[in-house]
Amino acid sequence: CRGNTYKIYFYFHFLFLIFPPQKRCMEADIKTIILVIGIFRLIMIMVFSYQYLAAKSVKGPGWWLAWSVAETVSSLVMLMRGVQGLLPVAIILQNPVIVAGSTLMYIGITAFFSRKIFFRRIITFFGIYYFLHLFFYIIIDDADIRTILLYVALLTTTSLSLITLIRYRSRSVAMTANAVSVILSINGLIMVFRLAMLIAGVESPTMFSSSPLNFLIYFNALIAGLILAFGFIILVNQKLNHDIMLAREKLEVMNAEKDKLLSIIAHDLSSPFNILLGMTDILADPATDLTNIDSRKNALMINASARQAYELLQNLLQWSKLERGLMPSSPALHNVALLSDEVISSVNGNAGTKKIELEVVIPGDLDVYSDPLAFQTILRNLLTNAIKFTRPGGRIMISARKSDSITEIAVSDNGIGMNSEILGNLFRIDSKVNRKGTEGEPSTGLGLIICQELLQRNSGTISVSSTEGSGSVFTVRLPAAASG
């Protein structure tokens with residue numbers, strides 16, 4: 001994009017050499033200057049058209065293309081004033097088209113920085129201006145007041161553009177944004193000077209008269225338009241380069257996480273499969289004489305290893321579907337107690353094996369706005385972890401309450417808890433935090449990561465507090481109702 005843009009602007013400078021400023025500016029033809037400005041603006045249209053098509057990820061070039069079109073039309077309308085019979089049409093269109101172009105430039109700057117565009121206010125502003133412009137032509141024909149209205153409107157849009165550039169510039173485009181701000185400031189000062197002359201009653205030259213004031217205005221339009229257009233092009237290129245750099249950094253992080261995840265998977269799968277291979281080798285050895293007790297013990301070990309591998313693969317499959325967007329989310333309003341009962345029933349067996357008491361404190365009329373499968377998956381993972389890391393004879397509480405527009409679900413236990421290092425790595429895919437439960441239960445470390453992914457897709461959050469040796473509290477927050 002940058003190379004072709006610079007080539008086009010080479011032609012821009014080439015045209016400037018064809019139509020150089022005369023040493024004695026008074027001898028130059030104002031119409032020729034307006035024509036040159038129009039040609040430059042046609043080139044701007046080509047440049048921004050190319051940039052709009054080549055950089056669709058960046059907001060702004062489309063509006064600046066419209067700005068270039070409006071500026072080109074304004075040049076043509078100016079030349080229409082010299083055509084017999086077209087003067088009334090030119091008067092009705094010229095100043096409003098100029099204001100429309102300046103407004104479109106402001107909208108482009110606002111869009112470039114991803115700020116909200118108040119279209120209703122902009123349309124109201126332009127409508128009021130156009131009404132007054134027509135009033136002081138059709139009802140009261142006063143060219144000076146029309147010109148004052150023009151400069152007031154241009155100063156308004158230029159000031160808004162300047163404020164937006166200064167306020168929202170980012171570090172990646174700061175230098176170019178500052179340069180564009182300087183040009184806009186100079187342009188604004190010239191407008192203030194012209195406005196002051198009009199208010200003071202200084203006689204205005206006719207549009208095509210070779211006066212120093214006309215040369216100041218038209219050469220300012222030429223040079224300022226050229227520099228602004230070139231500045232906007234550089235802004236877009238810098239934004240693209242910054243986005244590419246961020247994407248590259250994100251890709252590097254993702255690759256590092258992927259490599260770490262593969263290492264964790266390989267480690268976690270090797271343990272159960274080593275046990276499976278070892279036990280099956282013993283069973284397959286004809287020289288091995290096993291009692292019923294030995295066979296049952298080996299079968300239990302094989303079963304536990306198979307379950308560990310299956311749990312890991314299931315979590316990996318679920319995480320993979322989440323990452324690829326293959327798990328659709330259909331949030332709706334559901335009763336928390338009804339959703340929770342199914343999950344609690346499914347983990348009662350594991351809790352009973354360890355003689356862990358499950359206490360449920362959930363109001364019957366409490367609702368949550370969430371995908372039901374996502375909610376149950378989150379709660380199941382939290383309860384499974386709580387059972388896994390709670391000692392036999394321990395206690396787990398599942399509670400829920402409404403806080404403003406949020407439904408909070410907490411799973412607390414009096415288990416072994418976690419230290420600060422484990423807490424800091426709980427939701428990181430690139431860190432191995434899995435550890436065995438109180439009865440040697442295997443842990444994959446992916447359950448909480450899946451919980452976090454599902455919560456993000458359902459506008460929820462998760463937090464945890466824990467004291468090593470005393471237990472943990474996981475708190476899930478989800479909307480209590482649909483937003484809006």
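All heavy atoms count here, side chains included; hydrogens, waters and symmetry mates do not.
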[X] side chain to [Y] backbone, donor-acceptor under 3.5 Å:
| X | Y | result |
| --- | --- | --- |
| Arg169 | Ala177 | no |
| Ser466 | Gly471 | yes |
| Asn458 | Gly460 | no |
| Thr158 | Leu155 | no |
| Asn178 | Ala174 | yes |
| Gln376 | Leu339 | yes |
| Arg457 | Leu454 | no |
| Thr176 | Leu235 | no |
| Arg401 | Glu408 | no |
| Ser102 | Ile98 | no |

So, for [X] and [Y], which heavy atoms are closest and what is the spacing to 0.1 Å?
| X | Y | result |
| --- | --- | --- |
| Val97 | Ala70 | CG1-O, 3.1 Å |
| Trp63 | Gly108 | CB-CA, 3.4 Å |
| Ala153 | Tyr129 | CB-CD1, 4.1 Å |
| Ala410 | Thr475 | CB-OG1, 4.1 Å |
| Ala400 | Leu366 | CB-CD2, 3.5 Å |
| Pro372 | Ser330 | CD-O, 3.9 Å |

request  = Step by step, work out the side-chain contact (heavy atoms from CB on, under 4.5 Å) result for Ser472 and Asp413.
outcome  = CA-CA 6 Å; Ser472 305; Asp413 62 65; 4.1 Å; yes
About how many Å separate [atom2] of [Y] and [atom1] of [X], when rounded to the nearest 0.5 Å?
| X | Y | atom1 | atom2 | answer |
| --- | --- | --- | --- | --- |
| Leu149 | Asn95 | CG | CG | 9.0 Å |
| Leu79 | Leu86 | CG | CG | 11.5 Å |
| Asp142 | Phe135 | CG | CZ | 11.0 Å |
| His334 | Leu478 | NE2 | CG | 11.5 Å |
| Ile362 | Ile409 | CD1 | CD1 | 8.0 Å |
| Ile37 | Ile223 | CD1 | CD1 | 9.0 Å |

key: Ionic contact status for Lys239 with Asp243, cut-off 4.0 Å   = yes
Is there a side-chain contact between [X] and [Y], using heavy atoms and a 4.5 Å cut-off?
| X | Y | answer |
| --- | --- | --- |
| Phe48 | Ile233 | yes |
| Ile45 | Leu65 | yes |
| Pro96 | Phe126 | yes |
| Gln238 | Ser172 | no |
| Leu134 | Ile92 | yes |
| Phe113 | Arg167 | no |
| Phe375 | Val343 | no |
| His133 | Val99 | no |

message = Heavy-atom count check: over 12 atoms from other residues, nucleotides or ligands less than 6.0 Å from Met175 CE?
response = no
key: Whether over 12 other heavy atoms sit under 6.0 Å from Phe119 CZ   =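 Check passes, neighbour count above 12.
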inquiry  = Pairing donors with acceptors under 3.5 angstrom, does anything connect the side chains of Arg194 and Thr147?
reply    =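 Checked: Arg194/Thr147 side chains show no N/O donor-acceptor pair below 3.5 Å.
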key: Thr164 versus Arg115, side-chain donor and acceptor atoms under 3.5 Å   =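 Distance-only check fails for Arg115 and Thr164.
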key: Any residue meeting salt bridge (Lys or Arg N to Asp or Glu O under 4.0 Å) with Asp404, in chain and number order, not counting sequence neighbours   =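 Once residues adjacent in sequence are excluded, Asp404 has no partner under the salt bridge (Lys or Arg N to Asp or Glu O under 4.0 Å) criterion.
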key: Verdict with reasoning, Ile109 to Phe232, per side-chain contact (heavy atoms from CB on, under 4.5 Å)   = CA-CA 9 Å; Ile109 292 172; Phe232 292 149; 4.0 Å; yes
query = Between Arg477 and Ser463, is a side chain to side chain donor-acceptor pair (under 3.5 Å) present by the stated rule, with each step listed?
reply = CA-CA 9 Å; Arg477 295 175 180 84; Ser463 61; 2.9 Å; yes
task = Could you check Arg41 against Val73 for side-chain contact (heavy atoms from CB on, under 4.5 Å), going step by step and ending with a plain yes or no?
result = CA-CA 9 Å; Arg41 287 168 176 172; Val73 172; over 6 Å; no
query = What do the steps show when you test Phe230 against Ile234 for side-chain contact (heavy atoms from CB on, under 4.5 Å), and what is the final call?
reply = CA-CA 6 Å; Phe230 196 65; Ile234 294 175; 3.5 Å; yes
message = The test is salt bridge (Lys or Arg N to Asp or Glu O under 4.0 Å); show your working for Lys402 and Asp367 and say whether it passes.
response = CA-CA 9 Å; Lys402 185 176 180 181; Asp367 291 330; over 6 Å; no
Among Leu162, Val173, Leu228, the one residue meeting side chain to side chain contact (heavy atoms under 4.5 Å, CB included) with Val180 = Leu228
